[in-house]
Amino acid sequence: MSAAVVRDTNLAAVPLRLDHLRKDLKRNEGDYLSWKNFRSHADRTHIAKSLGGLRWLRTVSVVACKRHLDPSGMNESQMYLYQLRFLLERLSWLAKSQGEQLTYTLAHIRRFKLEDLREYEHKLQSLDTSIDWHFIDARGGRIDQPQRLQPLQLADLVTSATAAAFNPDRYGNTEQSYLRHLSGRIYRGNGSGAVEKYGLKMHPWTQTTKAAYPWIATL
């Protein structure tokens, strides 16, 4: 799960940047940009490099290391919400560091409704978490379709570029280069913090997973 974080004052730049990508990738004006529709390594590399050059963009990602989790622990729905908790923690830290309030929109997924999000937000507010609710819009998050809301297309590209570093293809290969192109945009706390403590949350983050992904420390 990844977030593409943009200040309100820079939101107008999102559709312009995506339009540039459409032209570069020989797509029509207004086409829905989704990573899965670009199969070539060259196209995906160009996307990752383009996003990596956006100084007004910050990314926050949460990666569930499913091969290292207790298989009896959580179902897919519970895993999604647990990732959302970690994501909101880090987004609130980022907003606090800038002295700003964060609003967030989730891309719609099947069988997850706005009332489910409100219920989970209320549950989180009753728990002892590291979410700083003072810096998150009290109205709560929203849910929308990437086809309608272009910033969600930006988030889709960030999510997929990040996922490629962890999810093996049908031959068992992963591709770290896309995430490396994005590394300059990853939230790092005060600017020099380790990415796994801020903008690239891994869970579980144990000795086993640290050994499985030693390259994270080089981002």
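Position 1 is the first residue of the sequence; numbering continues from there.
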Exercise. Which residue pairs satisfy the side-chain hydrogen bond (donor to acceptor under 3.5 Å, both in side chains) criterion with at least one member in residues 81-94, sequence neighbours excluded?
Worked result: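 Found none.
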Exercise. Which pairs with one or both residues in residues 151-168 pass side-chain hydrogen bond (donor to acceptor under 3.5 Å, both in side chains), sequence neighbours excluded?
Worked result: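 Pairs touching residues 151-168 that pass the test: R22-Q153.
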Can you list the residues that meet the side chain to side chain contact (heavy atoms under 4.5 Å, CB included) rule with [X], with sequence neighbours excluded?
{"X": "E121", "value": "Y104, L117, R118"}
{"X": "K49", "value": "T45, H181"}
{"X": "L16", "value": "none"}
{"X": "Q145", "value": "H108, Q147, R148"}

Roughly how far, to the nearest 0.5 Å, is [atom2] of [Y] from [atom1] of [X]?
{"X": "W56", "Y": "L11", "atom1": "CH2", "atom2": "CG", "result": "8.5 Å"}
{"X": "R188", "Y": "K197", "atom1": "CZ", "atom2": "NZ", "result": "13.0 Å"}
{"X": "L106", "Y": "L114", "atom1": "CG", "atom2": "CG", "result": "9.5 Å"}
{"X": "D132", "Y": "K96", "atom1": "CG", "atom2": "NZ", "result": "4.5 Å"}

Are [X] and [Y] grouped together when hydrophobic residues (ILVMFWY) are joined by side-chain heavy atoms under 4.5 angstrom apart?
{"X": "F112", "Y": "F86", "answer": "yes"}
{"X": "L54", "Y": "L182", "answer": "yes"}
{"X": "V6", "Y": "V60", "answer": "no"}

Exercise. By ring-ring contact (aromatic ring centres under 6.0 Å, His included), which residues pair with H20, not counting sequence neighbours?
Worked result: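 Not a single residue meets the ring-ring contact (aromatic ring centres under 6.0 Å, His included) criterion with H20.
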Exercise. Could you go step by step and tell me if L154 and L57 meet the side-chain contact (heavy atoms from CB on, under 4.5 Å) rule?
Worked result: CA-CA 10 Å; L154 182 64; L57 173 68; 4.0 Å; yes
Any side-chain heavy-atom pair of [X] and [Y] under 4.5 Å:
{"X": "L91", "Y": "I136", "result": "no"}
{"X": "R142", "Y": "T103", "result": "yes"}
{"X": "I186", "Y": "L179", "result": "yes"}
{"X": "Y120", "Y": "L88", "result": "no"}
{"X": "L94", "Y": "S97", "result": "yes"}
{"X": "H46", "Y": "L25", "result": "yes"}

Pair up each side-chain donor or acceptor in residues 33-40 with any protein partner under 3.5 Å, not counting sequence neighbours, and list the distances.
unit_1	atom_1	unit_2	atom_2	d
R39	NE	K36	O	3.4
S40	OG	D43	N	3.0
S40	OG	D43	OD2	3.3

Pairs under 3.5 angstrom only: tabulate donor-acceptor contacts from the side chains of residues 171-178 to other protein residues two or more places apart or in another chain.
unit_1	atom_1	unit_2	atom_2	d
E175	OE2	S177	N	3.2
E175	OE2	S177	OG	2.8
Q176	OE1	R180	NH2	3.2
Y178	OH	H41	ND1	2.8

Can you name the side-chain hydrogen bond (donor to acceptor under 3.5 Å, both in side chains) partners of [X], sequence neighbours left out?
{"X": "R7", "answer": "Q98, E100"}
{"X": "S61", "answer": "S2"}
{"X": "D31", "answer": "none"}

Problem set entry | Donor-acceptor contact below 3.5 Å, side chain T209 vs main chain P204 |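 Checking the backbone N and O of P204 against the side chain of T209, a donor-acceptor pair under 3.5 Å is found.
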Exercise. Ignoring hydrogens and geometry, is there a side-chain-to-backbone donor-acceptor pair from R185 to G52 under 3.5 Å?
Worked result: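 Flag set: sc R185 to bb G52 pair under 3.5 Å.
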Exercise. According to the interplanar angle, ranging from 0 to 90°, do the rings of Y198 and Y187 count as parallel (below 30°), tilted (30 to 60°) or perpendicular (above 60°)?
Worked result: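 Plane angle over 60°, so perpendicular.
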